2 protein chains.
Amino acid sequence: MTSRAGNPAPRAKRADARHNAERLATVARNAFAEHGADASLIDIARRAGVSSGTLYRHFPTRAALLAAVYRSEIEALGNLAAELHDSAEPLPALATWLRAFSEYTTTCRGLKGLVAAIDTDTQNALTSWWYATLLPAATSLLERAQRTGVVRDDVTTHQVLRLVNAVALAHEQAGLDDDQTGPLLNLIIDGLRAHRDFAE
Amino acid sequence: MTSRAGNPAPRAKRADARHNAERLATVARNAFAEHGADASLIDIARRAGVSSGTLYRHFPTRAALLAAVYRSEIEALGNLAAELHDSAEPLPALATWLRAFSEYTTTCRGLKGLVAAIDTDTQNALTSWWYATLLPAATSLLERAQRTGVVRDDVTTHQVLRLVNAVALAHEQAGLDDDQTGPLLNLIIDGLRAHRDFAE
DNA sequence: ACCTGAACACCGTTCAAGT
DNA sequence: ACCTGAACACCGTTCAAGT
């Protein structure tokens with residue numbers, strides 16, 4: 001049964017390996033919070049008390065580490081999308097989700113780096129669980145709003161995520177100060193709405 | 001007369017120094033075009049046939065090099081703003097300028113890094129000529145549009161520049177493909193317009 | 001006045017050698 | 001199966017020593 005399962009047999013890790021992976025993840029979470037998604041990997045390994053080789057063994061890529069660190073946040077965003085899809089009107093649902101998404105990436109700085117990897121790493125992203133969680137979540141809300149006619153239909157999910165993430169990224173490196181991101185998010189959501197007249 | 005001028009005496013450089021600075025700038029322009037604003041400085045020096053120390057002597061900071069490389073583009077944007085201020089209605093003037101700004105930063109990849117430095121480097125930016133060119137240009141158009149009531153008044157010039165630049169940045173690292181930036185810019189400009197009703 | 005090149009302090013990534 | 005630590009190939013930045 002185990003060997004015939006669809007998933008390629010998770011294959012329980014050895015105790016020490018599991019411990020190292022966990023420790024790396026928690027150290028990484030702090031490091032990302034402090035230095036952003038570009039935090040030094042070598043420093044993370046050092047602070048976790050393991051060699052750099054061990055970090056690479058567990059997390060072959062930076063995106064893999066980021067995804068592991070922010071697993072629960074990503075899943076929460078996935079669930080939120082499902083809830084909003086059932087409980088709110090198309091436009092408010094999308095708006096609320098985008099605001100939540102923005103809050104998450106602002107609170108968890110590293111998350112922005114992962115979202116940005118959607119474009120950088122498309123090859124790997126396509127086969128990763130976090131991509132399979134986040135993209136359909138956003139897509140379901142966006143496309144519904146577009147079908148209903150309340151949101152312009154010339155934008156894709158990729159573009160919207162990119163846009164909101166870009167705002168968060170720009171804000172991050174601007175020296176986070178206060179939550180000045182509100183007005184810009186309102187601007188974006190307003191811009192998303194289907195427009196009748198357009199100034200040229 | 002020369003020594004009593006307001007500017008701190010440009011003080012003609014020695015011929016070799018001037019030649020090195022020019023060569024560095026042209027090499028840098030290529031490097032930035034190829035690798036973006038993060039292009040390796042050491043590589044630029046190498047390709048220009050000078051030592052890294054020489055690069056630092058002429059351009060003590062990355063932003064200084066970027067500003068030197070994109071001098072004409074920055075001035076062109078300044079002039080364009082003045083023209084549009086006189087020749088076009090508030091909203092179209094702002095929209096056109098933002099589109100031009102976006103085109104410039106897309107064509108000259110490194111320009112995005114300079115604009116981003118407005119936030120990173122505020123200290124130095126405040127005293128730099130490019131800042132004194134770009135910011136007033138954008139501000140004059142934005143504030144006029146706000147006074148006229150056609151653009152929402154809860155955004156600052158900083159925010160708008162940041163936003164447009166962020167879109168360009170995100171688009172750059174997404175693998176430039178085609179000019180997919182059009183729809184997003186339209187979205188932003190649309191969002192900038194003063195809104196009567198707002199969906200929450 | 002200007003330039004060179006070494007020096008310092010950092011990276012990411014891989015891979016033989018160990019347990 | 002997992003880990004270590006050295007090795008390789010890169011950075012940015014500074015500064016004595018030269019011309």
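What you are looking at is a predicted structure, and each value in this text was computed from that prediction instead of being measured. Just so it is clear: chains get the letters A, B, ... in the order the sequence lines come, proteins before strands, and each one is counted from 1. All heavy atoms count here, side chains included; hydrogens, waters and symmetry mates do not.
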Q | Pairs where residues 79-117 of chain A contributes a residue and the test ring-ring contact (aromatic ring centres under 6.0 Å, His included) is met, not counting sequence neighbours | A | A:Trp97-A:Phe101
Q: Would you kindly give the CZ-to-C1' distance between A:Arg14 and D:dA1, to the nearest whole Å?
A: 5 Å
(Q) What contact category does A:His19 fall into here, base, sugar-phosphate, or nothing, at under 4.0 angstrom with non-hydrogen atoms? (A) nothing
Q. Excluding sequence neighbours, so at least two apart, what forms side chain to side chain contact (heavy atoms under 4.5 Å, CB included) with B:Ala170?
A. A:Arg162, A:Ala166
Q. Can you list the residues that meet the side chain to side chain contact (heavy atoms under 4.5 Å, CB included) rule with A:Ser128, with sequence neighbours excluded?
A. A:Ala125, A:Trp130, A:Tyr131
Q: Return the set of residues passing side chain to side chain contact (heavy atoms under 4.5 Å, CB included) with A:Asp154 (not counting sequence neighbours), or none when no residue passes.
A: A:Arg152, B:Pro183
Q: Would you please confirm or rule out a distance under 4.0 Å between OP1 or OP2 of D:dC3 and any side-chain N or O of A:His58?
A: yes
Q.
In whole Å, measure the gap between the P atoms of C:dA9 and D:dC10 for me.
A. 22 Å
Q. In residues 25-33 of chain B, which residues come under 4.0 Å of DNA chain C by heavy atom?
A. none
Q.
If I take atom CZ in residue B:Arg57 and atom P in nucleotide C:dC2, what distance separates them, rounded to the nearest angstrom?
A. 5 Å
(Q) In this structure, how many angstroms lie between the C1' atom of D:dT4 and the CG atom of A:Asn20, rounded? (A) 11 Å
Q: Output all residues satisfying side chain to side chain contact (heavy atoms under 4.5 Å, CB included) with B:Ala100, sequence neighbours left out; order by chain, then residue number.
A: B:Leu77, B:Leu80
Q) Given atom CZ of B:Phe59 and atom P of C:dC2, what is their separation to the nearest angstrom? A) 13 Å
Q: Using a 3.5 Å limit on both pairing distances, list the dot-bracket string of DNA chain D from the 5' end; Watson-Crick and G-U wobble pairs count, crossing pairs take [ ], interstrand pairs take |.
A: ||.|||||...|||||.||
**Q.** A:Arg29: salt bridge (charged side-chain N to carboxylate O under 4.0 Å, His left out) partners, not counting sequence neighbours
**A.** A:Glu73
Q) Which residue pairs pass the ring-ring contact (aromatic ring centres under 6.0 Å, His included) test with at least one member in residues 30-81 of chain B, sequence neighbours excluded? A) none
(Q) Among residues at least two apart in sequence or on other chains, which ones pass side chain to side chain donor-acceptor pair (under 3.5 Å) with B:Arg147? (A) none
Q. Is there a path of hydrophobic side-chain contacts, each under 4.5 Å between heavy atoms of I, L, V, M, F, W or Y residues, that connects A:Ile118 with B:Leu169?
A. no
**Q.** Interatomic distance where CG belongs to A:Asp16 and P belongs to D:dC3 [whole Å]
**A.** 5 Å
Q) If the sugar-phosphate is the primed atoms plus P, OP1 and OP2 and the base is the rest, what is the B/S/- string for nucleotides 5-18 of chain C, using protein heavy atoms under 4.0 Å? A) BB----SBBBB---
Q.
Can you tell me which residue among B:Leu66, B:Leu111, B:Val115 is in a side chain to side chain contact (heavy atoms under 4.5 Å, CB included) with B:Ile74?
A. B:Leu111
Q: Could you pull out all residues at least two apart from A:Asp43 that satisfy salt bridge (charged side-chain N to carboxylate O under 4.0 Å, His left out)?
A: A:Arg46, A:Arg47
